[in-house]
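Scope of the values below: all heavy atoms of this structure, side chains included, with no hydrogens, waters or symmetry mates.
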Amino acid sequence: MDCTPFTLDFSGTPEDLLNKMQQAAGEQNFALSIDTDTISVKALGFTVAKASYHINGQQVTITITQNPPGWPCEKTQHIITKFITGGK
């Protein structure tokens, strides 16, 4: 399933963003593994979604590359967006 890339603005440094994402994921009962250009979202120890990311200035562009079968891209996008914005 191909998901459309999405871009969000953020403040602070890229390192601040990645740390904020990991903290927000934990607060929402997810685990987030972040590699050089890949994010893995885990729930109950299982990887439920993967995405690539690219940071350019104060914007991050995310492309969901692995999504649960039958799960709309928009729902995964919403979850990842909450990690970035800190929303619950």
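The only option from L18, T61, L17, T38 that meets the side chain to side chain contact (heavy atoms under 4.5 Å, CB included) definition with Y53 turns out to be L18.
Here the CZ atom belonging to F10 is positioned 9.0 Å from the CD atom belonging to Q59, to the nearest 0.5 angstrom. Taking CE of M21 as the start and OG1 of T85 as the end, the distance is 10.0 Å to the nearest 0.5 Å. Between the CD atom of E27 and the NZ atom of K82 there is a distance of 11.5 Å, given to the nearest 0.5 Å. We find the OG1-NE2 distance between T63 and H54 to be 10.5 Å, quoted to the nearest 0.5 Å. Here the CD1 atom belonging to I55 is positioned 10.5 Å from the CG atom belonging to D37, to the nearest 0.5 angstrom. Here C3 contributes atom SG and N67 contributes atom CG; the two are 4.5 Å apart, rounded to the nearest 0.5 Å.
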Pair T47, V41 - check side chain to side chain contact (heavy atoms under 4.5 Å, CB included), show working.
CA-CA 6 Å; T47 299; V41 181; over 6 Å; no

Is there a side chain to side chain contact (heavy atoms under 4.5 Å, CB included) between L8 and F6 once you walk through the steps? CA-CA 7 Å; L8 296 168; F6 61 99; 4.0 Å; yes

task = Give the C-alpha distance, both sets of side-chain angles, the deciding distance and a yes or no for side chain to side chain contact (heavy atoms under 4.5 Å, CB included) between I62 and T81.
result = CA-CA 10 Å; I62 297 174; T81 297; over 6 Å; no

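Not one N or O on the side chain of D16 forms a donor-acceptor pair closer than 3.5 Å with the backbone of G12. When atom types are taken as modelled, the side chain of K50 and the backbone of I64 share no donor-acceptor pair closer than 3.5 angstrom.
In terms of heavy atoms, L32 sits closest to A25 at CB-CB, 3.8 Å.
Between Q28 and F83, the closest side-chain pair of non-hydrogen atoms falls below 4.5 Å. The side-chain heavy atoms of K42 and V48, taken from C-beta on, include no pair separated by under 4.5 Å. The side-chain heavy atoms of E74 and H78, taken from C-beta on, include no pair separated by under 4.5 Å.
Between the side chains of Q58 and D9, no donor-acceptor pair is found at a separation under 3.5 Å.
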